[in-house]
Amino acid sequence: MDDKEKDLNTENLSETNNEDLHNDDFVKENDAADVKYEENDNWEFEAQAPTLSNDYFLKNDKFVVEDDVKPEKVQSKIVNANIENNSDSFVIKKEPLKFIPLALITLIVIAVLVVLGVRYYTVPNGYEGDKMNPASVAATIDGDKVSIGMFNYYFSSVVNYYEQYAAYGYFDLDTSADYSTQYTENKDGERVTWLERMTEEAMQEIEYTTALYNKGREAGITVSESQQETIDSQIESLKSTASASNISLNEYLSKNFGEYCTEDTIRLMLEQYYVTLNYKGQLGTQRDYTDDDINNYFEEHKNDYYKINYCFAALPYDESSEEAKTASNEAIKKYEDQITDRDSIIKLVPTLYADYIEQDIATSMQNDSSLTEEEARKNAIEVYESNVDAYMLGSEEPFGKEINEWLFSENTKIGDTNRYIDTQTGYAYILVKTEEPQLLEDETYTVRHILITPTTQTDENVAQEAEEAAKEPTEEDWAAAEKKAQEILDKFNESDKSEYSFALLAEENSTDYASTSSSSTEYFGGLYEATALGAMVPEFESWATDESRKYGDTGIVKSDYGYHIMFFVNDKPEYQARVIKDIRDNNIDNIVDSAEVKIHDRIRTKAINDFFASKKAQTEQMQSQASGSTAGTATQE
């Protein structure tokens with residue numbers, strides 16, 4: 001080994017040790033006796049060790065691969081090596097050395113472990129990106145590494161979602177029992193364990209975000225200034241919460257989102273979220289489809305753009321025992337015999353929802369002492385009567401595929417009934433078809449806008465914002481808002497005047513946060529898509545529905561909310577507007593579906609096991625503290 005190679009290896013060792021020390025807060029040490037090597041896992045060394053899968057000729061200290069090397073050619077080179085005056089060259093022939101490659105690879109692996117340490121390949125280090133070690137890689141998506149910490153974040157979020165709603169009775173999930181022994185259905189209707197469903201949904205979220213994040217970066221999409229401020233603000237908020245508990249941020253994240261979920265992970269997750277959102281926003285401004293594209297897509301998915309009205313009654317369904325199940329089925333049959341149309345369900349409302357109605361009466365009279373019981377009962381019954389009406393799109397399956405097909409079938413007549421039993425929620429639904437399917441032909445329009453709200457706030461005293469916001473804007477405030485709106489429109493007119501440029505200005509300037517990425521929704525660039533008539537203020541709608549409007553038209557409209565800088569997109573029947581949205585969403589799904597996904601099962605399983613072990617430990621700690629507190633109180637008494 002020459003001096004240059006020695007310096008390089010020393011440098012690598014030094015960097016590795018520094019990384020290990022940096023991660024002592026959240027890296028678990030393994031005693032030498034407890035180290036277990038991964039067997040048959042699917043992570044790979046980043047650097048490919050030279051093997052003898054080809055014939056290599058070493059010339060001037062470099063490996064040179066020669067294709068199609070024939071034995072006689074190799075022999076000739078060996079014989080004539082010195083004759084050709086290549087004293088520094090030699091040839092390795094494959095066949096006589098077929099046992100050597102394994103030995104060489106073993107030596108190389110040992111050498112790497114000596115330099116980097118066993119921990120580098122067996123213990124996650126909590127880093128993201130280039131600093132992530134092989135033991136941290138739970139999956140790769142289009143070659144992009146997904147860390148064990150990132151999987152922990154998404155998996156814990158999915159688990160917490162189902163546990164919270166299970167507590168309200170929305171899911172048949174026993175949160176005190178092993179999720180790998182409880183069964184449910186996935187989105188494809190397949191019978192799976194709850195653990196499989198949670199894992200599958202976490203991976204779907206990761207695949208979706210990572211695939212679009214990668215494509216977004218390739219397209220040059222970045223996080224905006226305001227979005228970066230939001231990321232920094234959220235990190236600081238997490239730090240404050242952690243500090244209040246006298247623990248570090250990484251400890252706090254580890255406790256809440258699973259082992260090895262760190263500040264690096266949360267920062268990357270938020271960056272991925274915003275880049276993905278911005279990339280989808282950019283795709284949403286690309287309108288390179290024709291009327292033929294719209295019509296062809298509609299013909300292929302025609303049923304998706306029909307709506308059907310129906311009525312339903314809901315009954316409790318108990319399958320805790322055979323007796324309870326039989327009683328539930330008998331009740332369903334009894335009410336099915338009485339239901340023939342909407343009016344027949346209305347008549348059954350006081351009986352079907354008697355318990356709920358009594359609860360609502362008591363609550364209403366408690367909140368409003370002036371209400372009589374008769375008035376409270378009338379109000380409660382009217383609420384449940386209004387809830388018997390519903391509609392379903394052809395693309396929706398709230399009661400499963402079979403009920404959807406039954407409702408939309410030409411063979412199903414008005415007045416026909418069917419039942420759907422939801423064992424997850426413990427309810428049975430009796431449905432009656434009340435109308436034939438109807439094409440979504442109502443007029444809609446799609447626009448983007450930037451709202452500039454007149455404000456009396458000043459920069460002198462931020463603490464006065466709440467008080468100032470409550471004041472009525474003055475004429476000067478309105479004039480200032482109008483001036484700002486005009487300046488923004490002028491800036492747009494000086495640009496390429498594309499829809500995407502307008503969307504970016506909306507992201508930077510609009511105070512209608514619900515239509516930008518500032519909201520918790522996935523809206524971007526001030527977009528209001530497939531907007532029904534009557535949904536917006538008259539001034540806004542009047543401009544958007546003007547018959548002279550064409551794509552790219554802009555203008556400024558004043559309403560009680562402020563000045564709206566408008567960008568017209570289209571005015572179409574609802575089904576066509578939905579087709580356009582579905583074409584875009586389908587293109588996005590194709591990007592995700594085409595991503596190359598590789599799961600590292602052992603590392604992902606480790607993440608899941610660590611998550612539940614940590615969750616169990618926290619539960620036991622809380623129970624212990626509660627028990628200790630109770631014991632202390634008893635002693636004092």
Kindly check if the number of other-residue, nucleotide or ligand heavy atoms within 6.0 Å of [atom1] ([X]) is above 12?
X      : atom1 : value
Asp188 : CG    : yes
Glu299 : CD    : yes
Tyr317 : OH    : yes
Lys215 : NZ    : no
Gln286 : CD    : yes
Tyr161 : OH    : yes

(request) Check the pair Lys333, Asp337 against salt bridge (charged side-chain N to carboxylate O under 4.0 Å, His left out), reporting the backbone distance first and the verdict last. (result) CA-CA 6 Å; Lys333 183 65 173 65; Asp337 292 340; 2.9 Å; yes
(request) Enumerate the residue pairs fulfilling ring pair (Phe, Tyr, Trp, His ring centres under 6.0 Å) with a member in residues 342-384, sequence neighbours excluded, ordered by first and then second residue. (result) Tyr353-Tyr384
(request) Dump the intermediate steps for side-chain contact (heavy atoms from CB on, under 4.5 Å) on Val146 and Arg604, then the final yes or no. (result) CA-CA 10 Å; Val146 177; Arg604 191 176 67 175; over 6 Å; no
(message) Between Asp142 and Glu596 (side chain of the first, backbone of the second, donor and acceptor by atom type, cut-off under 3.5 Å), is there such a pair?
(response) yes
(request) Keeping the roles fixed (side chain from Ser386, backbone from Val383), state whether a donor-acceptor pair exists under 3.5 Å. (result) yes
Angle between ring planes, [X] versus [Y], binned at 30° and 60°: parallel, tilted or perpendicular?
X      : Y      : result
His449 : His564 : parallel
His301 : Tyr297 : parallel
Phe399 : Phe312 : tilted

(request) Evaluate the criterion side-chain hydrogen bond (donor to acceptor under 3.5 Å, both in side chains) for residue pair Asp512 and Ser510; output intermediate values, then yes/no. (result) CA-CA 5 Å; Asp512 178 14; Ser510 184; 5.2 Å; no
Test item: [X] and [Y] side chains (from C-beta on) under 4.5 Å apart, heavy atoms:
X      : Y      : value
Thr531 : Val447 : no
Asp442 : Leu533 : no
Val388 : Val349 : yes
Ile357 : Ile381 : yes

(request) Carefully, step by step, assess Phe298 and Leu439 under the rule side-chain contact (heavy atoms from CB on, under 4.5 Å). (result) CA-CA 11 Å; Phe298 170 72; Leu439 180 64; 3.9 Å; yes
(request) Identify whether the distance between the nearest side-chain nitrogen and carboxylate oxygen of Glu163 and Lys615 falls below 4.0 Å. (result) yes
(message) So that I can tick it off, tell me whether Arg197 and Glu201 are bridged by a salt bridge, with the cut-off set at under 4.0 angstrom between side-chain N and carboxylate O.
(response) yes
(message) List the residues meeting side-chain hydrogen bond (donor to acceptor under 3.5 Å, both in side chains) with Ser395, not counting sequence neighbours, and say none if there are none.
(response) none
(request) Could you check Arg377 against Glu373 for salt bridge (charged side-chain N to carboxylate O under 4.0 Å, His left out), going step by step and ending with a plain yes or no? (result) CA-CA 6 Å; Arg377 183 176 300 279; Glu373 183 176 343; 3.4 Å; yes
(request) Run the numbers on Lys378 and Glu374 for salt bridge (charged side-chain N to carboxylate O under 4.0 Å, His left out), then give the verdict. (result) CA-CA 6 Å; Lys378 180 176 179 293; Glu374 183 180 355; over 6 Å; no
(request) Applying side-chain contact (heavy atoms from CB on, under 4.5 Å), name anything that partners Ala607, two or more places apart in sequence or on another chain. (result) Ile148, Phe151, Asn152
(request) Could I get the full list of side-chain contact (heavy atoms from CB on, under 4.5 Å) partners for Ala613, not counting sequence neighbours? (result) none
(message) Once ring-ring contact (aromatic ring centres under 6.0 Å, His included) is applied, do any residues pair with Tyr179, and if so which ones, sequence neighbours excluded?
(response) Phe612
(message) The test is salt bridge (charged side-chain N to carboxylate O under 4.0 Å, His left out); show your working for Asp582 and Arg578 and say whether it passes.
(response) CA-CA 6 Å; Asp582 290 345; Arg578 285 179 176 270; over 6 Å; no
(request) Enumerate the residue pairs fulfilling salt bridge (charged side-chain N to carboxylate O under 4.0 Å, His left out) with a member in residues 414-437, sequence neighbours excluded, ordered by first and then second residue. (result) Glu336-Arg419, Lys433-Glu436
(message) Taking the ring centre of each residue, are Tyr306 and Phe408 less than 6.0 Å apart?
(response) no
(request) Would you confirm whether the ring centroid of Tyr305 sits within less than 6.0 angstrom of the ring centroid of Tyr575? (result) no
(request) Drop me the distance from Asn296's CG to Asp291's CG, to the nearest 0.5 angstrom. (result) 10.5 Å
(message) For a side-chain contact (heavy atoms from CB on, under 4.5 Å) check, start with the C-alpha distance between Thr140 and His600, then their side-chain angles and the critical distance, and finish with the verdict.
(response) CA-CA 8 Å; Thr140 57; His600 294 214; 4.2 Å; yes
